[in-house]
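In what follows, chains carry the letters A, B, and so on, assigned in the order in which the sequence lines appear, proteins first and then strands, with residues in each chain numbered from 1. Here the structure is a predicted model, which is why all the values come from computation and not from measurement.
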Amino acid sequence: MLELKNISKTFFPGTVNEKLALNNLNLTLNDGDFVTVIGGNGAGKSTMLNVIAGVFAPDEGSIVIDGHDVTHMPEHKRASFLGRVFQDPMKGTAAGMWLEENLALAYRRGKRRTLRWAITKAERQKYRDMLKQLDLGLDTRLTTRVGLLSGGQRQAVTLLMATMNSPKLLLLDEHTAALDPKTAEKVLALTDKFVSEEKLTTLMITHNMNDAITHGNRLIMMNAGQIIFDVSGEEKKNLTVEMLLEQFSKASGTQFASDRALLN
Amino acid sequence: MNFFNALPGAVAQGIIWGIMAIGVYITYKILDIADLTVDGSICTGACVCTMLVINGVNVWLAMLAAMIVGMLTGLVTGLFHTALGIPPILSGILTQLILWSVNLKIMGKANQGLSARTYNVVITQLDKLASILILLGIMLVLVALLYWFFGTELGCSLRATGNNLDMCRAQGINTNINKILGLVISNGIVALSGALLCQYQGFSDINMGRGAIVIGLAAVIIGEALFGKIAGNFALKLMSVVGGGIIYYIVYQTVIWMGLDTDLLKMLSAIVVAIFLAVPYWKGKYFSKPVKKGGHANA
């Protein structure tokens with residue numbers, strides 16, 4: 001479903017701030033893989049997701065999604081293959097527009113936007129049913145401005161928007177990091193539900209090692225722009241946080257440098 | 001001059017500038033771009049309309065042509081911004097400067113008369129009441145068209161572009177094309193108002209667009225302040241902008257009638273706009289809690 005071949009990316013080349021974010025990275029995702037991604041600050045997790053999404057181009061290497069080479073495809077065209085949820089709950093929705101308008105915008109992802117009316121009556125019913133699944137009482141608030149919703153509600157809506165037309169690949173960039181623990185749990189539960197219902201191939205970055213272990217069928221650990229640990233199936237199920245930390249120092253030769261990850 | 005005699009004139013001018021302010025509303029409020037092209041494109045609309053009518057073209061066709069040329073000026077600004085990566089404000093200033101020369105070339109000199117006694121125009125200050133009716137009709141058609149457009153899939157994606165660029169790209173919206181489209185529509189409307197203004201006042205002048213952006217912003221701000229509470233619907237919002245333009249010109253006439261030095265009017269307009277623009281900033285700074293935004297830099 002996704003193939004990253006020899007991806008390298010350097011930020012600020014030729015300056016004192018030069019930073020090798022991705023170093024000859026290779027990754028292949030199979031159809032239906034739900035992969036959690038962990039790693040310290042600056043390991044290249046978000047850079048990898050942004051390169052896949054087309055926010056910026058890699059310096060070297062190629063990206064293939066569902067058989068299409070998208071390496072040079074602009075971000076908005078690539079979006080037809082992707083569903084994305086950002087870390088910042090404000091980023092995924094248009095605050096000044098109605099809930100139903102946001103959903104309608106997402107519903108037309110990958111389609112031509114024409115001069116037909118933006119929302120049809122039939123759609124509205126569908127949106128109501130979808131919002132019911134979130135169980136946040138949003139199904140009666142189709143004409144509420146999204147800016148009036150809470151961060152957790154907005155993130156749940158973004159998740160719904162990202163998954164509603166079965167993307168080839170779902171990219172979740174620490175999408176629960178900005179939420180309180182209870183809301184984060186709820187959004188994660190919804191993530192599991194949507195991913196398993198639609199059998200979505202998913203990449204989920206998280207700083208929470210427990211979440212990384214309990215969700216998905218495969219776990220990768222990144223350090224210095226490379227994947228240093230890749231585990232799936234039974235072996236992944238039996239992982240513990242201690243084993244991950246040990247694995248990290250063994251593979252990278254340093255201590256895991258993220259307080260956030262350890263405190264969770 | 002009697003104040004009440006001056007009132008119809010103020011209303012007619014207010015509607016013309018209100019139509020112009022609808023164009024400003026599209027860039028400033030919907031696209032979140034302060035587009036300074038308008039100072040040039042309003043004059044371009046007037047020049048094109050005037051020269052075509054003088055040369056015997058039907059006035060409605062001349063207005064249509066003015067609109068199309070105005071759209072092209074928006075296209076130029078849009079390309080400066082998206083294709084050349086120039087910040088939007090600077091892009092507008094560059095186009096405005098280009099248009100100064102273009103407008104002089106269109107007219108052949110710095111001003112050009114378009115007397116209603118000689119030429120067949122549809123609105124004129126010689127018949128203010130009829131002009132007001134025609135202007136209201138044009139405004140209603142325009143508002144209806146925009147209401148429809150911004151309710152379509154494309155129009156909706158344009159509104160989203162002004163709201164959240166990250167979200168738009170993630171949802172497959174070409175934000176650059178949408179910005180250009182917004183600038184094209186906006187400047188088409190601004191040029192139309194220029195075409196109406198030259199007919200109304202009976203001439204085009206190279207300086208007629210100077211400070212137009214400030215008048216447009218003033219109309220938007222006044223409209224929002226006075227009618228914001230009752231204008232929930234998009235069509236009503238656009239009409240409240242025109243209402244803002246009318247009130248701007250009534251106040252303008254009033255202060256002239258009261259004997260204010262007209263040399264000071266532009267300065268006063270700018271100060272009033274500055275104060276109104278500052279209000280939401282001050283409110284945010286001193287009367288609300290700070291909101292932390294999640295940083296993507298620390299991932």
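- Neither the backbone nor the side chain of A:Tyr107 comes within contact range of chain B; no heavy atoms are under 4.5 Å apart.
- Using modelled atom types, one finds a donor on one side chain and an acceptor on the other under 3.5 Å when comparing B:Ser269 with B:Tyr248.
- Between the side chains of A:His207 and A:Glu174, at least one donor N or O sits under 3.5 Å from an acceptor N or O.
- For the side-chain contact (heavy atoms from CB on, under 4.5 Å) with B:Val273, the qualifying choice from B:Ile213, B:Ile222, B:Ile221 is B:Ile221, the only one to do so.
- Taking chain B as the reference chain and counting heavy-atom pairs below 4.5 Å, the highest number among A:Thr93, A:Leu82, A:Asn50 is found for A:Thr93.
- With a 4.5 Å cut-off on non-hydrogen atoms, A:Arg112 touches chain B through its backbone but not through its side chain.
- There is no contact between A:Ala53 and chain B, counting heavy-atom distances below 4.5 Å.
- Using a 4.5 Å cut-off between heavy atoms, B:Phe149 touches chain A through its side chain atoms alone.
- A donor atom on one side chain and an acceptor atom on the other are not found under 3.5 Å apart for A:Thr15 and A:Asn17.
- The candidate from A:Thr114, A:Ile205, A:Thr158 with the greatest count of non-hydrogen atom pairs under 4.5 Å with chain B is A:Thr114.
- Residue A:Ser80 does not touch chain B at all, counting heavy-atom pairs closer than 4.5 Å.
- Per-residue heavy-atom pair counts under 4.5 Å with chain B were compared for A:Gly110, A:Ala118, A:Ala79, and the maximum is reached by A:Ala118.
- Note that CG of B:Leu158 and OG1 of B:Thr175 are 10.5 Å apart. Values are rounded to the nearest 0.5 Å.
- Using a 3.5 Å distance cut-off with no hydrogens or angles, the side chains of B:Thr73 and B:Thr44 do not pair a donor with an acceptor.
- Among A:Arg78, A:Met161, A:Lys111, A:Arg108, the residue with the largest count of heavy-atom pairs under 4.5 Å with chain B is A:Arg108.
- A side-chain donor-acceptor contact under 3.5 Å links B:Ser41 and B:Asn187.
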